[in-house]
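By convention in this document, chain letters (A, B, ...) are assigned in the order of the sequence lines, proteins followed by strands, and residues within each chain are numbered from 1.
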Amino acid sequence: MEGLIHQIISGIATGGIYASVALALVMIYQATHHINFAQGEMATFSTYITLLFINMGMPYWVAFFAAVAVSFAAGVAIERILIRPMANAPVLSAVGVFVGLLLIVNSLSGWFFDFTIKQFPTPFPDKPLFGGFISGHQLGSTGVTVAVLVAVYLFFRHTSLGLAMRAAALNPVSSRLVGVRVGWMLALGWGLAAAIGSVAGCMVAPIVFLDPNMMAGILLYAFAGALLGGIDSPLGAVLGGFAVGIIENLGGAYLVGTELKLTLALVIIVTVLTIKPSGLLGRTVLSRV
Amino acid sequence: MPALLEAKGLHAAYGETKVLHGIDFTVEEGGVTALLGANGAGKTTTLRAICGMTRTQGSLTFAGQSILGRSTEDIVRLGVAHVPDGRGTFMELTVEENMRLGAYVRKDKAAVEADFERMFGYFPRLKERFRQQAGTLSGGEQQMLAISRALLLRPRLLLLDEPSFGLAPLIVKEIFGIMRRIRDEEKVSILLVEQNASLALAFAEDAYLLETGRIVVSGKAHEISKDESIRRSYLGY
Ligand SMILES: Nc1ncnc2c1ncn2[C@@H]1O[C@H](COP(=O)(O)OP(=O)(O)O)[C@@H](O)[C@H]1O
Ligand SMILES: [Mg+2]
């Protein structure tokens with residue numbers, strides 16, 4: 001019983017990471033109708049930048065927020081320079097650009113920061129809490145990811161800019177007609193997704209260690225979460241991310257063993273795509289003509 | 001007084017397809033101008049050309065400055081609101097969010113709240129449906145929402161693309177009744193596109209008749225509506 005509770009709590013902690021990355025995927029998907037395969041590599045690169053700032057002598061949180069800001073700017077720049085020119089390109093060439101971006105960012109990580117596995121610090125006290133049910137880092141990182149998710153929710157629901165970003169993704173023509181600068185909204189979406197990825201990378205790196213391929217598995221879990229919840233539903237993606245985290249931990253402990261855990265992500269992806277491609281909370285637009 | 005909107009030799013095209021072949025027209029400050037013509041004549045394209053949504057050539061002046069070749073977002077910010085063909089509803093968003101988007105570029109947030117109330121005065125049904133998803137509204141309600149969204153910009157020029165399209169006669173009557181109030185109470189000039197010529201001519205002061213991308217008749221609305229031969233050859237009533 002204690003083992004079960006422990007696995008669920010660990011699942012929520014990693015689920016928060018998956019939920020953040022899933023949300024980043026959904027934000028880009030809603031605006032471009034493409035999956036940003038490079039989301040994981042971008043997050044890894046952001047994590048390296050954080051480590052670079054820390055090694056330069058910055059306090060952890062200063063480095064953390066500085067890297068978030070740099071990632072935001074880089075996300076905006078990637079949209080402006082790489083993604084925007086292919087707004088009307090066929091699906092396959094779009095996929096090509098995303099995969100290319102993945103490879104480029106991955107090589108850049110290896111080139112700048114070398115391919116050896118590095119330790120990454122946690123800002124939280126690294127000791128077991130509440131009688132060993134949860135580690136300091138698990139509790140802290142869950143707090144951080146939940147705070148990010150709530151902040152993103154409040155931004156999109158309750159600010160005029162958040163509303164404009166949603167409108168630009170849903171209906172670009174009508175958005176222009178109310179004066180929304182649609183191109184910039186898409187770029188801001190990329191910036192936000194990159195910033196969220198930066199946070200997720202820093203929260204997961206102390207657990208899985210930092211190397212250029214750190215996010216590969218995590219992206220797969222996040223994608224499974226996004227699909228499970230509904231690739232066009234931000235709330236669905238977040239809940240899906242947490243669900244996948246819990247499923248992964250329980251499955252790894254009681255079902256398939258830790259070596260085969262990653263296959264669970266594939267099982268989830270295939271199951272959702274066969275049974276309910278729109279996901280659990282996928283969009284069903286009510287519309288009368 | 002110079003016209004609020006003046007087009008001279010305006011051409012418009014979609015890619016290689018030329019649709020407008022050098023048309024001239026004006027919308028007077030505070031006036032209502034109707035643009036009539038059969039299906040496919042180029043009425044919608046004219047409104048799109050004004051908003052920078054198509055490739056254009058010629059001369060297009062709004063409130064004394066050239067708007068030819070400027071982005072849609074910039075033209076809207078100068079005070080041109082467009083109720084587009086098909087109403088342009090943000091289906092997935094609520095009625096409230098649709099209306100907030102109408103006022104997106106405005107900085108006077110307190111006045112926006114007052115304007116919401118004014119819109120509810122014109123269209124009480126929007127108040128009842130305020131929190132509802134806009135996609136669930138009927139066609140007439142979506143038209144009311146589109147007009148409100150446009151007016152919430154506090155525009156100097158309102159472009160209306162076939163507000164009667166696809167609506168039951170009773171609803172059309174209701175909407176045009178409210179548009180009369182809007183014409184009299186709001187400080188806005190209107191360019192109205194309609195296929196329903198008698199309706200539009202009764203509403204407008206000036207009118208233009210468009211045929212395959214060229215203006216074939218222009219003049220005072222009440223004179224055109226009295227002209228037997230124009231009515232027979234172009235307006236079909
Ligand atoms: N997006 C488009 N691409 C190409 N041709 C178009 C497009 N929209 C309209 N057209 C063509 O332009 C002409 C005028 O259309 P439109 O302006 O919609 O006419 P109206 O509004 O008067 O019915 C038509 O021949 C139509 O087929
Ligand atoms: Mg039309």
Side-chain angles (χ1 to χ4, degrees), chain A residues 26-27 29-33 79-80 84 87-89 153-189 229-237 278-279 281-289, chain B residues 47-48 50-53 70-94 96-107 109 112 132-142 145-146 148-155 158-159 161 166:
Chain A
V26 165
M27 281 168 52
Y29 180 84
Q30 284 194 316
T32 63
H33 298 282
E79 199 280 340
R80 297 270 89 176
R84 196 179 183 201
N88 300 314
Y153 173 82
L154 293 176
F155 171 73
F156 279 112
R157 280 290 142 190
H158 294 294
T159 70
S160 158
L161 186 60
L163 175 59
M165 286 177 68
R166 282 192 287 146
L170 292 168
N171 192 336
V173 175
S174 288
S175 298
R176 284 197 184 91
L177 288 181
V178 294
V180 172
R181 299 200 189 279
V182 171
W184 276 110
M185 295 303 121
L186 301 186
L188 278 184
I231 190 67
D232 53 11
S233 157
L235 179 65
S278 62
L281 298 183
R283 177 151 31 118
T284 35
V285 179
L286 300 168
S287 112
R288 257 157 71 174
V289 200
Chain B
L47 298 191
R48 288 190 184 141
I50 294 168
C51 286
M53 299 164 79
R70 298 193 57 177
S71 75
T72 304
E73 292 97 314
D74 285 339
I75 294 168
V76 168
R77 281 158 194 253
L78 291 175
V80 180
H82 188 160
V83 174
D85 183 40
R87 306 179 190 117
T89 310
F90 294 93
M91 298 286 184
E92 300 85 348
L93 302 180
T94 64
E96 172 178 8
E97 289 169 330
N98 270 266
M99 291 174 68
R100 293 216 176 280
L101 282 165
Y104 173 69
V105 300
R106 286 173 56 184
K107 301 281 173 278
K109 294 302 171 196
V112 168
Q132 232 168 290
Q133 194 187 321
T136 65
L137 300 187
S138 70
E141 288 164 344
Q142 285 189 35
L145 179 58
S148 297
R149 203 171 55 229
L151 288 175
L152 280 163
L153 179 73
R154 286 234 181 138
L158 178 63
L159 310 175
D161 199 340

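A heavy-atom distance below 4.5 Å is found between the side chains of A:Leu177 and B:Thr72.
Atom CD of B:Glu73 and atom OG of A:Ser175 lie 9.0 Å apart (nearest 0.5 Å). To the nearest 0.5 Å, atoms CZ (B:Phe90) and CG (A:Leu170) are separated by 8.0 Å. Atoms OG and CZ, from B:Ser71 and A:Arg181 in turn, are 5.5 Å apart once rounded to the nearest 0.5 Å. To the nearest 0.5 Å, atoms CZ (A:Arg176) and CE (B:Met53) are separated by 8.5 Å. Within the model, atoms CG of A:Leu163 and CG of B:Leu101 stand 4.0 Å from one another, a figure rounded to the nearest 0.5 Å.
Heavy-atom neighbours of chain B within the stretch residues 154-162 of chain A, taken at a separation under 4.5 angstrom, comprise A:Arg157, A:Ser160, A:Leu161.
Between chain A and the residues B:Gly166, B:Gly52, B:Gly88, the largest count of heavy-atom pairs under 4.5 Å involves B:Gly88. The candidate from B:Arg149, B:His82, B:Arg77 with the greatest count of non-hydrogen atom pairs under 4.5 Å with chain A is B:Arg77.
With a 4.5 Å cut-off on non-hydrogen atoms, A:Val173 touches chain B through its side chain but not through its backbone.
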